Q: 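Just dropping this structure here.
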There are 2 protein chains.
Amino acid sequence: MKKPTIKDVASLSGVGTGTVSRVLNGGSVKETTRIKVMKAIDKLGYQPNQVARTLAGGKTKRILFLMPEIRTEFHWRVMKSFDEYLDKMNYEMVIYPVFSDKRLKKLRSDPSLIQNIDGAVICTMNIEFLSRKYIDFGTNVVLFESQSDEFDCVYLDNVLGGRMAAELLIECGSTDLFVISFDEENTILATENFEKRILGFTSYLKEKGYEFNEEKLVYTSFFFETAHERIASILSEYDRPGIFALADNFALEVLQMASAMKKIPGKDFFLVGYDNQSWTERAGLTTIEQPMEDMGRKTAELIIQKIENPGQYVQPVKFLPSLKRRKTA
Amino acid sequence: MKKPTIKDVASLSGVGTGTVSRVLNGGSVKETTRIKVMKAIDKLGYQPNQVARTLAGGKTKRILFLMPEIRTEFHWRVMKSFDEYLDKMNYEMVIYPVFSDKRLKKLRSDPSLIQNIDGAVICTMNIEFLSRKYIDFGTNVVLFESQSDEFDCVYLDNVLGGRMAAELLIECGSTDLFVISFDEENTILATENFEKRILGFTSYLKEKGYEFNEEKLVYTSFFFETAHERIASILSEYDRPGIFALADNFALEVLQMASAMKKIPGKDFFLVGYDNQSWTERAGLTTIEQPMEDMGRKTAELIIQKIENPGQYVQPVKFLPSLKRRKTA
DNA sequence: TTGTAAGCGTTATCAA
DNA sequence: TTGATAACGCTTACAA
């Protein structure tokens, strides 16, 4: 049995297709006819054909979410919250993972996906890839986790986040301060966010007369923690060292090593993470919170706003980190 | 300036739209006209409109990849490989993340995404959600990481994987055998894969007369390793215990604890992981390999095959695990 | 407030 | 091998 079309609905309810379309899209129709039409729609189980709708010039109500290979809790929670708001507003999210530079080029050359969208969110991507010369979305774009004055964008004040971590660790009495960062040469990713955290941290230290040098910057990797030895030596060689982990993941590595070495967090050493991932509370990890849900939601609001009221000024939205103080610092 | 359409191409090259369409879709056209048309396409920078194409009954060349919230290396590598083959065959992947049951229901009630696809791959999802009664894709479906005789599917022999791990650990001389599994009550995920690994492991043990009970099953969590204390006690209390980590991630936790406790893998204890994630070689972790790239590619082949030759029999494709023997066992 | 009909950009059918 | 033309299912003037 064929799927019912707008014509079927029209003839069953004894009106023209235009009227049905108006019912569907919120045009002005008499209440009694609206009800008639709705009944017919219900009875037939009619679902508008998006493809036809798009071709006829309607909106797709579909938003593209461009993301690099991100497997962090942070990004998933942002995405979930983003999607939830979209859903509430009757929009739909389509994800396009940018595994590689090549895939991004493909997106540029093959506009079929872009033809189908009302807007796009570009997530945590290197600014150089975002230039209009590189990809012309010909559509509404909001950047997430990068700054730009060419596009609307949503980001967190990472410099401030770094400063807050530094301030707290000094307050705890640490004089030897370390940063655990990560080692990644993925050119697609926006690494500026990490750099800013380090910048905030070190500049605060400098202001307060503390020393920081490259040696105190420890590298690990996102999914295979590789800094065991370095961490073990920091924990055993220094007196109450202060450690700033640029992501909660990295802090976990420290906690594990410490647990095995019988070092007590908040006493033998101090530790501040970043993100406020869901497990950190249970673990008692002090961390710099990013308001993931708010950020995701705001991104959704922004893109929908742009779609529905075109031609607005570019809006940068800056979120502020906040301190979740728990046992480790 | 408006985008050029097929009509523009037709008139510029002095042929009918039908001919242009045939050039585009591989119908039979005289070589000289083909060249003429190609030149016009090039000159205008013409790109076919996918939406119109779809409405007119053409294929979208778009495949939906339905996935739960998976942040593992395994799934991303499978996805990459899947996507790469699709790309080669001029198909396109669209990801639909199933954050929750609710989102799956939404997919069912809102067919706009499904209207746009030629086929769907359903990844690592609980079989109960896959019943035709629940979602009618009305399209070609291939299951990844679940078994079914209703759908084509691609999966690994996890029972065999478990057996291989057991065999190796016994061969190493361990008499106390442990499994590290994970604690997850996400009802959307196909947990059968983990259960089968355990089944294979324990049944082999039983055959060989080894004892295994619930106490030897240690639970941790995927992204926040929570089994520190259990692992520490296993490592210190037993003589050369054998540990089977149901995913390489979990093995990492063991390696870290061991490193801090000065226990030497492959000597003081034996450890077998699962997946053969990229970092395991560097870490010297013995592991049960899943051929991720092959599996992703095969999944792509299968779905394209179904699309292009409809009405075939249901094909289950079983992959075999293999042992990557390194330092830890 | 309504119905009619002209697009939207393709593919597919059918004569020529 | 071709060109003309009828779908495809919708939105949106325009006229009634």
Side-chain angles (χ1 to χ4, degrees), chain A residues 1-38 40-41 44-62 110-118 138, chain B residues 1-38 40-41 44-62 110-118 138 307-308:
Chain A
M1 204 176 57
K2 271 194 51 159
K3 277 198 164 184
T5 71
I6 201 169
K7 278 186 190 165
D8 300 320
V9 175
S11 62
L12 180 62
S13 46
V15 300
T17 58
T19 306
V20 178
S21 176
R22 259 167 257 130
V23 169
L24 257 27
N25 298 295
S28 73
V29 275
K30 202 163 55 174
E31 192 52 27
T32 53
T33 36
R34 154 168 271 114
I35 292 171
K36 261 196 309 193
V37 172
M38 292 300 254
I41 288 177
L44 294 173
Y46 166 75
Q47 300 266 17
N49 180 325
Q50 273 300 339
V51 177
R53 196 173 244 184
T54 307
L55 184 60
K59 295 289 180 192
T60 58
K61 295 257 184 182
R62 187 172 297 160
D110 170 14
S112 71
L113 251 180
I114 291 180
Q115 286 173 1
N116 273 298
I117 58 169
D118 289 345
Chain B
M1 204 174 57
K2 273 194 50 162
K3 276 196 164 183
T5 72
I6 200 171
K7 278 184 190 165
D8 300 320
V9 175
S11 61
L12 179 62
S13 47
V15 302
T17 60
T19 306
V20 178
S21 178
R22 258 167 259 130
V23 170
L24 256 27
N25 298 294
S28 72
V29 276
K30 202 164 52 174
E31 192 52 26
T32 53
T33 37
R34 154 168 271 114
I35 291 171
K36 259 197 309 192
V37 171
M38 292 300 252
I41 288 177
L44 294 173
Y46 166 76
Q47 299 266 18
N49 181 325
Q50 273 300 338
V51 177
R53 199 173 242 183
T54 307
L55 183 60
K59 296 290 181 190
T60 59
K61 296 258 183 180
R62 185 172 298 162
D110 169 16
S112 70
L113 252 181
I114 292 180
Q115 286 173 0
N116 273 297
I117 58 170
D118 289 345
I307 291 167
E308 301 187 346

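Quick caveat, the model's predicted, so the values are computed rather than measured.
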Q: Taking the nucleotide of DNA chain D with the nearest heavy atom to each, does B/S28 or A/G18 sit closer to the 5' end?
A: B/S28
Q: Please report the distance, rounded to the nearest Å, between NZ in A/K36 and C1' in C/dG3.
A: 12 Å
Q: Provide, to the nearest angstrom, the distance between the CG atom belonging to B/N49 and the P atom belonging to C/dT10.
A: 5 Å
Q: Taking only the side-chain nitrogens and oxygens of B/T33, find out if one of them lies under 4.0 Å from OP1 or OP2 of D/dT2.
A: yes
Q: In whole angstroms, how far is the C1' atom of D/dT2 from the CD atom of B/E31?
A: 16 Å
Q: How many Å lie between CD1 on B/I6 and C1' on C/dT11, as a whole number?
A: 8 Å
Q: Find the distance A/K3:NZ to D/dG9:P and express it as a whole number of Å.
A: 10 Å
Q: For B/R22 and for A/K30, find the nucleotide of DNA chain C with the closest heavy atom, then tell me which residue's nucleotide is more 5'.
A: A/K30
Q: Taking atom P of D/dC8 as reference, at what distance in whole Å does atom CD of A/Q47 sit?
A: 20 Å
Q: Would you check, one step at a time, whether the test side-chain contact (heavy atoms from CB on, under 4.5 Å) holds for B/R53 with B/T60?
A: CA-CA 8 Å; B/R53 199 173 242 183; B/T60 59; over 6 Å; no
Q: Give the nucleotide from the list D/dT2, C/dG7, C/dT11 with an atom nearest to the side chain of B/V29.
A: D/dT2
Q: Between D/dC8, D/dT1, C/dG7, which nucleotide gets closest to the side-chain atoms of B/A56?
A: D/dC8
Q: D/dA7 P sits how many Å from B/L55 CG, rounded?
A: 14 Å
Q: Is the phosphate of C/dG3 approached by A/T19 (side-chain N or O, under 4.0 Å from OP1 or OP2)?
A: yes
Q: Under 4.0 Å between any heavy atoms, over every strand shown, what does B/V51 touch: base, sugar-phosphate, or nothing? Just pick one.
A: nothing
Q: Mark yes or no for whether B/S11, through its side chain, and B/K7, through its backbone, hold a donor-acceptor pair below 3.5 Å.
A: yes
Q: Among A/T19, A/I35, A/V37, find the one that has a side chain to side chain contact (heavy atoms under 4.5 Å, CB included) with A/V29.
A: A/T19
Q: Under the criterion side-chain contact (heavy atoms from CB on, under 4.5 Å), I'd like the reasoning laid out for B/K30 against B/R34: C-alpha separation, chi angles, the key distance, then a yes or no.
A: CA-CA 6 Å; B/K30 202 164 52 174; B/R34 154 168 271 114; over 6 Å; no
Q: Should B/T5 be listed as having a side-chain N or O under 4.0 Å from OP1 or OP2 of C/dG9?
A: no
Q: Calculate the interatomic distance between A/K61 atom NZ and D/dC10 atom P; express it in whole Å.
A: 17 Å
Q: Is A/N25 close enough to D/dT11 that one of its side-chain N or O atoms is under 4.0 Å from OP1 or OP2 there?
A: yes
Q: So, OP1 or OP2 of D/dT11: does either fall under 4.0 Å of a side-chain N or O from A/R53?
A: yes
Q: Show your working on side-chain contact (heavy atoms from CB on, under 4.5 Å) between A/V15 and A/K36 and close with a plain yes or no.
A: CA-CA 9 Å; A/V15 300; A/K36 261 196 309 193; 4.3 Å; yes
Q: Under 4.0 Å from OP1 or OP2 of C/dT11: is there any side-chain N or O of B/S21 that close?
A: yes
